[in-house]
Amino acid sequence: RQYGGYDYSQHGGFVPPDMVQQQPYTGQIYQPTQAYAPASAQSFYGSNFEDEPPLLEELGINFDHIWQKTLTVLHPLKVADGTIMNETDLAGPMVFCLAFGATLLLAGKIQFGYVYGISAIGCLGMFCLLNMMSMTGVSFGCVASVLGYCLLPMILLSTFAIVFSLQGMMGIILTAGIIGWCSFSASKIFISALAMEGQQLLVAYPCALLYGVFALISVF
């Protein structure tokens with residue numbers, strides 16, 4: 001009913017004119033309009049999980065490079081690849097240090113502390129020396145990697161010491177040959193990785209001093 005321009009409901013309530021002319025609400029209360037499109041999971045994690053590198057490669061462990069470095073040490077006359085040898089790979093050196101300590105342990109010599117201590121001091125000394133001699137410079141990880149890989153012939157000497165004594169004339173000759181083998185391989189790799197042509201004897205001398213200490217541990 002209308003009285004004086006105003007509407008009244010059947011129950012006697014007052015209804016303003018604006019509410020009578022109001023259109024019904026057509027929106028969805030519980031489903032609001034999305035203001036942005038959600039990003040897919042591929043945009044966060046890449047287009048394909050198969051394109052990601054293997055876990056060992058992300059950790060810096062490359063078995064192909066480890067095998068090539070090992071062959072370079074075992075074959076002193078083989079030309080060293082400077083691009084591979086300049087990597088800071090410490091997986092192989094850690095294994096060789098553990099193997100060297102294990103062979104000394106089988107010979108009745110518990111010398112793990114001396115092995116790691118002499119290795120750390122030797123790597124630090126070679127790091128300082130090579131940075132003064134080379135024009136390009138070298139990282140500490142590269143020095144530790146090369147010296148650790150070239151420790152492999154010393155493992156053969158300590159393995160031979162398990163069965164035979166190295167304090168005779170034959171032992172002295174064998175020990176001198178192993179020291180020369182290790183120092184020659186290390187100096188060859190250093191001059192190849194750092195482009196130090198004509199300086200192999202200068203690099204081989206401090207390497208021979210370092211590996212001579214390891215030889216003394218194996219002999220005595």
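Below, all heavy atoms of this structure are taken into account, side chains as well, without hydrogens, waters or symmetry copies.
With sequence neighbours excluded, no residue forms a ring pair (Phe, Tyr, Trp, His ring centres under 6.0 Å) with Phe184. Residues satisfying the side-chain contact (heavy atoms from CB on, under 4.5 Å) criterion with Leu74, sequence neighbours excluded, are Thr70, Leu152, Trp181. In this view, Thr103 and Ser158 satisfy the side-chain hydrogen bond (donor to acceptor under 3.5 Å, both in side chains) rule, not counting sequence neighbours. With sequence neighbours left out, the ring pair (Phe, Tyr, Trp, His ring centres under 6.0 Å) criterion links Tyr205 to no other residue. Residues meeting the ring pair (Phe, Tyr, Trp, His ring centres under 6.0 Å) test with Tyr114, sequence neighbours left out: none. Leu157 meets the side-chain contact (heavy atoms from CB on, under 4.5 Å) test with Met154, Leu166, Leu174, Thr175, Ile178, Ala215, Ser218; sequence neighbours excluded. The side-chain contact (heavy atoms from CB on, under 4.5 Å) check on Met133 picks up Leu129, Met196, Gln199, Leu202, Val203, with sequence neighbours excluded. Phe214 pairs by the ring pair (Phe, Tyr, Trp, His ring centres under 6.0 Å) definition with Phe100, not counting sequence neighbours. Under the rule for a side-chain contact (heavy atoms from CB on, under 4.5 Å), the partners of Ala204 that lie at least two apart in sequence or sit in another chain are Ser187.
Sorted by first then second residue, the side-chain hydrogen bond (donor to acceptor under 3.5 Å, both in side chains) pairs that include residues 118-136, not counting sequence neighbours, number zero.
For the pair Leu147/Tyr211, a side-chain contact is recorded, criterion being any heavy-atom separation below 4.5 Å from C-beta on.
Met126 and Phe190 get closest at one heavy-atom pair: CE-CE1, 4.1 Å. Ala208 and Ile179 get closest at one heavy-atom pair: O-CG2, 3.7 Å.
Through side-chain heavy atoms spaced under 4.5 Å, either directly or across other Ile, Leu, Val, Met, Phe, Trp or Tyr residues, Met169 is tied to Ile173. Side-chain contacts under 4.5 Å among hydrophobic residues (ILVMFWY), followed directly or transitively, place Leu201 with no other residue at all.
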